[in-house]
Student: 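Supplied in structure tokens, the structure appears directly below.
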There are 2 protein chains.
Amino acid sequence: MARQARALATRQAVLLAAAEVFDERGYAAATMSEILDRAGVTKGALYFHFHSKEELALAVIEGQGAWLSTWQPSSDSPVQTLIDLGYAFAHALQDDPLVRGSIRLTIEHGSFTQPQIAAYQGWSDVARGLLERARDAGDLHPGIDLAAAAGVITGAVTGIQLSSQVLTDRRDLIQRMSDLWTLVLPGLVQPHALARLSVAERVPS
Amino acid sequence: MARQARALATRQAVLLAAAEVFDERGYAAATMSEILDRAGVTKGALYFHFHSKEELALAVIEGQGAWLSTWQPSSDSPVQTLIDLGYAFAHALQDDPLVRGSIRLTIEHGSFTQPQIAAYQGWSDVARGLLERARDAGDLHPGIDLAAAAGVITGAVTGIQLSSQVLTDRRDLIQRMSDLWTLVLPGLVQPHALARLSVAERVPS
DNA sequence: GGTAGAATACCTACTGGACGGTATGCGGCC
DNA sequence: GGCCGCATACCGTCCAGTAGGTATTCTACC
């Protein structure tokens, strides 16, 4: 297996470089040459691991699902979990190249509609699951359409992230997330539950 | 001036075709050939009016500001105006090729950061202006950060539009806008003002 | 009101370069 | 020695942009 270690390393290097370039340029404007340069790998090596540019992009998109599935709730209440997830995701968008590249490819529509839909659905499903648990716990206002709320929240996070990126290169993303919760939570959770939430980021100690 | 009529017509044809292609493919993946074909114009004609692909894209982006500046409030209360503006914009996103292309180019980051920032700021400023008027009228909850709220709303609209586009080709955009207001308004406006608003789309008679 | 000439508006053919992808070869670990 | 992992050289395609010519329409002057 020692030989596989080398292969895995170059594969990871390619994936990382590709994520970075896709994040910076978008799919169409990204060139294989730049990915090669940044990965410090030759064409043969790259095309040994990924048979086409599109396959490489799909592998980058996968990183998003991987991040989401490795994330650990670290909280008690479902709504608090949703809030925490938002902040964790925001930090990943600031620091994790794979997540950044994945998000850009997901947001750009065009070539791969199917994985994009899956990504949006994945987020929406997670949000909806948490909201269902919150409703069962009696935290939400009665009569709320959970699917609609989940769709709005995921969409809003998407857009806030995007505008933050354009305007401040995501420097104010955490602040904007906080603004979002401040605005949205009163229409979602009941006062008694709202009192128990920390809307601002909870720094894990 | 009869001579300008022809020139203006081809210019408009090029602009429309470009907006469509940019909307469908994005900036980098859009080719001048496709724009030419769709406009029914030759290369020489196009490059007479627009000196480069980038200049053409900038002209398309301008369409957004043009739409926004021609829009007429048609309402009494500032919050209602904001809601109506959202729905009007949603319809433009469904029907107006220039707006669609402009939005896609604005959302894609890369080549032209400056006009993008201007576009976001423009929307945010409009929203903020309406919120200020609403606050002065006593419609909003006290202590609301208007700039933050305006930023969240414009960001949310951006993201909702995007997810709607990916998931249903914008067919459920109106519904999602309605969901957004349902969720956001309780945290923004006071009950007495909320009662006077129509959250669903008001079809002008 | 007709015509010269000048600007405007447009057409065709071409170019240089970059891009994604492949073919083939080669070294080193099992 | 065989295959996994990688290196190098090359290819066909396509694309944005240009060069230089042509048509169309306006202006000026008779």
Side-chain angles (χ1 to χ4, degrees), chain A residues 1-61 101 104-105 108-112 115, chain B residues 1-61 101 104-105 108-112 115:
Chain A
M1 292 288 177
R3 64 124 92 265
Q4 307 244 25
R6 178 181 59 145
L8 218 79
T10 67
R11 202 194 131 94
Q12 274 307 109
V14 168
L15 210 56
L16 181 65
E20 286 178 12
V21 176
F22 283 142
D23 174 45
E24 291 168 21
R25 315 238 182 258
Y27 178 76
T31 71
M32 294 305 247
S33 322
E34 187 169 0
I35 296 174
L36 296 174
D37 286 354
R38 210 173 293 203
V41 163
T42 63
K43 237 175 191 186
L46 190 153
Y47 275 94
F48 175 80
H49 289 285
F50 305 95
H51 294 62
S52 70
K53 187 183 183 182
E54 182 167 340
E55 191 179 316
L56 184 52
L58 291 175
V60 170
I61 291 184
R104 167 121 198 209
L105 290 176
E108 275 186 359
H109 40 291
S111 331
F112 358 84
Chain B
M1 292 291 172
R3 57 116 103 268
Q4 306 245 26
R6 177 183 57 148
L8 218 79
T10 69
R11 202 194 130 93
Q12 273 305 109
V14 168
L15 210 57
L16 180 66
E20 286 178 10
V21 176
F22 283 141
D23 173 45
E24 291 167 21
R25 314 236 182 262
Y27 179 75
T31 70
M32 294 304 245
S33 322
E34 187 169 0
I35 296 174
L36 296 174
D37 285 356
R38 210 173 292 203
V41 164
T42 63
K43 234 171 194 189
L46 190 153
Y47 274 93
F48 174 80
H49 290 284
F50 305 96
H51 294 60
S52 70
K53 187 183 182 182
E54 183 167 339
E55 191 179 316
L56 184 51
L58 291 176
V60 170
I61 290 182
R104 166 122 197 207
L105 290 176
E108 274 186 0
H109 42 291
S111 332
F112 356 84

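Each chain gets a letter, A, B and so on, in the order the sequences are listed, and its residues count up from 1.
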Student: In this structure, how many angstroms lie between the P atom of C/dC19 and the CG atom of A/Leu56, rounded?
Tutor: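 About 15 Å, once rounded to whole Å.
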Student: Mind checking if B/Ala30 touches a base, just sugar-phosphate, or nothing, with heavy atoms under 4.0 Å?
Tutor: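 Sugar-phosphate, backbone atoms only, no base.
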Student: Tell me the interatomic distance from A/Glu34, atom CD, to C/dA18, atom P, rounded to whole angstroms.
Tutor: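 About 14 Å, once rounded to whole Å.
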Student: Would you say a side-chain N or O of A/Ser33 is under 4.0 Å from OP1 or OP2 of C/dC19?
Tutor: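 So the side chain of A/Ser33 is within the cut-off, an N or O lying under 4.0 Å from OP1 or OP2 of C/dC19.
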Student: Can you check the A/Asp37 CG to C/dC19 C1' distance for me, whole Å?
Tutor: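 These atoms are roughly 14 Å apart.
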Student: Can you measure from CG (A/Asp37) to OG1 (A/Thr42) and round to the nearest 0.5 angstrom?
Tutor: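 If I round to the nearest 0.5 Å, the distance is 11.5 Å.
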Student: Atom OG in B/Ser52, atom CG in B/Leu58: separation rounded to 0.5 Å?
Tutor: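 B/Ser52 atom OG to B/Leu58 atom CG measures 7.5 Å (nearest 0.5 Å).
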Student: Atom NE2 of A/His49 to atom C1' of D/dG5: distance rounded to whole Å?
Tutor: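 Spelled out: NE2 on A/His49 to C1' on D/dG5 is 7 Å.
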Student: Measure from OH on B/Tyr47 to P on D/dG20 and round the result to the nearest Å.
Tutor: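 That distance rounds to 18 Å.
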Student: Identify which nucleotide among D/dG5, D/dG17, C/dG20 has an atom closest to any side-chain atom of A/Phe48, counting heavy atoms from C-beta outward.
Tutor: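 Nearest listed nucleotide: D/dG5.
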Student: In whole angstrom, give the distance that lies between atom NE2 of B/His51 and atom C1' of C/dA9.
Tutor: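 Interatomic distance, NE2 of B/His51 to C1' of C/dA9: 13 Å.
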Student: Atom CZ of B/Phe50 and atom C1' of D/dA16: how far apart are they, to the nearest Å?
Tutor: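 Spelled out: CZ on B/Phe50 to C1' on D/dA16 is 16 Å.
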Student: Is any side-chain N or O of A/Lys43 under 3.5 Å from a base N or O of C/dG21, one able to act as donor and the other as acceptor?
Tutor: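 Result: at least one qualifying N/O pair found.
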Student: I want to check something: taking the side chain as every heavy atom from C-beta on, are B/Glu108 and B/Phe22 in contact at a cut-off of under 4.5 Å?
Tutor: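 Side-chain contact under 4.5 Å: no.
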Student: By the 4.0 Å heavy-atom rule, please label B/Thr31 as base, sugar-phosphate, or nothing.
Tutor: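 Counting heavy atoms under 4.0 Å across all strands, the contact made by B/Thr31 is with sugar-phosphate only.
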Student: If you check every side-chain atom of B/Lys53, which of D/dC6, C/dT8, D/dG17 has the closest atom?
Tutor: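 Selected nucleotide: D/dG17.
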Student: Using whole Å, what does the distance between atom P of nucleotide C/dT22 and atom CG of A/Leu36 come to?
Tutor: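 Distance check: A/Leu36 CG to C/dT22 P gives 14 Å.
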Student: CD/B/Glu24 to CD/B/Glu34 distance, rounded to the nearest 0.5 angstrom?
Tutor: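 Between B/Glu24 CD and B/Glu34 CD, I get 6.5 Å after rounding to 0.5 Å.
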Student: Decide side chain to side chain contact (heavy atoms under 4.5 Å, CB included) for B/Val14 and B/His49; before the verdict, give the C-alpha distance in whole Å, the side-chain angles of both, and the deciding distance to 0.1 Å.
Tutor: CA-CA 9 Å; B/Val14 168; B/His49 290 284; 5.6 Å; no
